Amino acid sequence: MIKAVTGTKDILPDEIPAWKLVEKTIERIFHNFNYKEIRTPVFEETSLFARGIGEETDIVGKEMYSFTDRSENNITLKPEMTASVVRAFIEHSLGKQQSLNKLYYVSPMFRQERPQAGRLRQFHQFGAEALGSTSVYLDVEMIQMAFEILKELGLKDLNVKINSLGTPESRNAYKEKLRKFLIDKKNKLSEDSRKRFDKNILRIFDSKDENDKKIMKDAPLLLDHLDSESKESFEIVKETLKLSGIPFEVDPYLVRGLDYYTKTTFEIISGKVGSQNALCGGGRYDLLAEHLEGEPTPGVGFAAGIERILLACENEKSLKSPEENIDLFITRLDDELSQKVFEIALNFRRKNLSVDCDYLDRSLKAQMREANKLKAKYVLFIGGDEYKSGMANLKNMESGEQKLVQIDKLDEVLLSQK
RNA sequence: GUGAGCGUAGCUCAGCUGGUUAGAGCACCAGGUUGUGGCCCUGGGGGUCGUGGGUUCAAAUCCCAUCGCUCACCCCA
């Protein structure tokens with residue numbers, strides 16, 4: 001049997017209502033904040049991600065779905081959206097038509113990792129990017145939108161973490177300080193952390209090794225070494241978040257894995273989804289546009305994982321997606337009437353009623369069971385003596401009431417009761 | 001890339017100190033009312049016990065390999 005490729009999943013009809021509800025919520029909240037949707041291709045030239053996300057990151061280093069196509073182009077299925085959005089922004093000179101662009105997206109993403117709870121090889125993210133302003137209020141707006149969407153979906157067990165990475169200059173100066181602090185302790189660190197020492201020294205703060213933790217307790221903190229501008233904007237972020245009524249905690253160890261972040265970074269964690277618990281993450285990236293050879297353009301954004309959110313909703317039992325039902329099920333008492341039933345069905349379908357009927361030549365009883373299963377509001381019985389006089393029984397499935405109606409007057413009867 | 005656990009019906013699982021035709025619940029189909037659902041009752045269909053090999057008189061059950069899934073590490077949504 002051919003099965004879906006490892007790490008990919010079918011979304012079956014039963015699960016669609018939950019997805020639709022999430023998608024509707026996303027669209028509503030982004031509209032409230034006046035963000036416009038953007039759609040970009042699922043694949044891009046590999047170099048876009050290599051340069052945009054950073055050669056040293058795990059995403060680029062070992063997780064990309066890359067291949068060469070028949071014309072020898074290096075292609076990669078998008079592992080995240082920010083680089084693509086910024087590429088489109090530059091390519092179409094969106095910044096020249098409008099000084100601030102507030103964009104959002106919902107799209108599948110691809111990363112070749114070992115699947116586990118809350119991690120797939122094809123997964124879905126939604127997110128937003130605001131390009132063209134350094135205003136910290138946009139930083140806060142990202143958190144507000146993400147938080148609002150999660151709250152609307154009924155999630156409660158949430159933890160908002162924020163941090164500031166400062167400007168690249170202050171961060172590099174700080175990294176140097178940290179390197180000096182660690183250099184003589186390096187051989188006492190765990191193997192993983194020793195690797196991080198060269199690759200991404202800030203990541204050593206994430207180590208779960210007890211001894212590493214002990215060493216890092218006395219390490220200098222990035223937050224204490226911010227440039228004055230980053231420090232000030234971080235203060236405003238915190239104050240504004242407070243005013244927004246969004247509970248948060250400052251996590252000086254929150255280091256996002258993508259190279260392009262500057263200043264504000266944040267993450268929203270769920271306590272209900274296992275070990276891949278980041279529902280959403282984001283931050284400011286003021287230098288990305290020029291990295292990609294565009295006009296220098298400040299930006300902020302975030303991305304959230306739909307599968308993880310759905311997992312959290314399931315575990316918190318927070319999602320009440322509406323029941324699916326149909327307006328009318330038409331049964332047939334005599335087999336010869338199939339065509340008539342089909343004709344009546346089309347008539348109502350054209351009038352925007354949701355209508356179904358039997359296609360399996362089943363007994364009336366079976367048809368009724370089907371109607372019940374589909375939660376039909378009404379059942380129409382076509383056939384018998386009453387049909388000969390142009391009549392049919394119409395049954396209200398909830399009350400059980402049934403009345404004889406004239407078939408050619410069904411329109412007004414049904415449409416008025418809808 | 002590393003580690004652990006698990007693969008029996010469409011789904012959830014029982015059976016596993018090896019021993020007659022492999023079970024249950026749910027779902028599905030039919031009947032109980034030859035023109036009427038939800039509850040109930042009766043019956044039915046559906047399984048190479050993931051795959052391959054080995055041990056044995058005998059394997060779903062023990063051993064090995066392989067594939068797949070799951071969870072965790074790394075990292076991230």
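From a predicted model like this one, the values you see are computed outputs, not experimental measurements.
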Peer 1: When the C1' atoms of B/A65 and B/G46 are compared, how many Å lie between them, rounded to an integer?
Peer 2: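 So the two C1' atoms sit 31 Å from each other.
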Peer 1: Rounded to whole angstrom, note down the C1' distance from B/G45 over to B/G38.
Peer 2: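 One C1' to the other, the span is 24 Å.
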Peer 1: For B/U42 versus B/G53, give the span between their C1' atoms, rounded off to a whole number of Å.
Peer 2: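 Going atom to atom, C1' in each nucleotide, I get 46 Å.
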Peer 1: For A/Phe181, does the six-membered ring have the charged nitrogen or CZ of A/Lys185 within the cation-pi criterion, i.e. under 6.0 angstrom from the centroid and within 45° of the normal?
Peer 2: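 Judged by the rule, A/Lys185 and A/Phe181 form a cation-pi pair.
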Peer 1: Does B/C6 have a Watson-Crick or wobble mate here (both distances under 3.5 Å), and if so which one?
Peer 2: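 Across all strands, the one nucleotide that pairs with B/C6 is B/G68.
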Peer 1: What I want to check is whether the side chains of A/Thr25 and A/Glu152 have a donor and an acceptor closer together than 3.5 Å.
Peer 2: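 No - no donor-acceptor pair under 3.5 Å links their side chains.
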Peer 1: How do A/Asn393 and A/Gly305 order along RNA chain B: which one's closest nucleotide is nearer the 5' end?
Peer 2: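 The answer here is A/Asn393.
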Peer 1: My understanding is that only residues two or more places apart in sequence, or in another chain, count here; which of them pass ring pair (Phe, Tyr, Trp, His ring centres under 6.0 Å) with A/Phe248?
Peer 2: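 Scan of A/Phe248 (ring pair (Phe, Tyr, Trp, His ring centres under 6.0 Å), adjacent residues dropped) gives none.
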Peer 1: Roughly how far apart, to the nearest Å, are B/G31 and B/A24 at atom C1'?
Peer 2: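 That atom pair is separated by 23 Å.
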Peer 1: Between B/U51 and B/C57, how many Å separate the two C1' atoms, rounded to a whole number?
Peer 2: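 Rounded to whole Å, the distance is 26 Å.
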Peer 1: Distance between the P atoms of B/A27 and B/C39, in whole angstroms?
Peer 2: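 So the two P atoms sit 8 Å from each other.
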Peer 1: Can you find a donor-acceptor N/O pair under 3.5 angstrom joining the side chain of A/Glu386 to the base of B/G35?
Peer 2: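 Side chain to base: pair present.
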Peer 1: Are the aromatic ring centres of A/Tyr104 and A/Tyr35 under 6.0 angstrom apart?
Peer 2: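 So the answer is no for these two rings.
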Peer 1: Using the C1' atom as the reference point in each nucleotide, state the distance between B/U20 and B/G25 in Å, no decimals.
Peer 2: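 Pairwise C1' distance, B/U20 against B/G25, rounds to 26 Å.
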Peer 1: If each of A/Leu360 and A/Arg111 is mapped to the nucleotide of RNA chain B with the nearest heavy atom, which maps nearer the 5' terminus, i.e. the 5' end?
Peer 2: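 Result: A/Leu360.
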Peer 1: Using atom P in both nucleotides, what's the gap between B/G10 and B/U2 to the nearest angstrom?
Peer 2: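 So the two P atoms sit 34 Å from each other.
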Peer 1: Does the side-chain ring of A/Phe123 lie flat on the base of B/A77, meaning centres under 5.5 Å and planes less than 30 degrees apart?
Peer 2: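 A/Phe123 vs B/A77: stacking yes.
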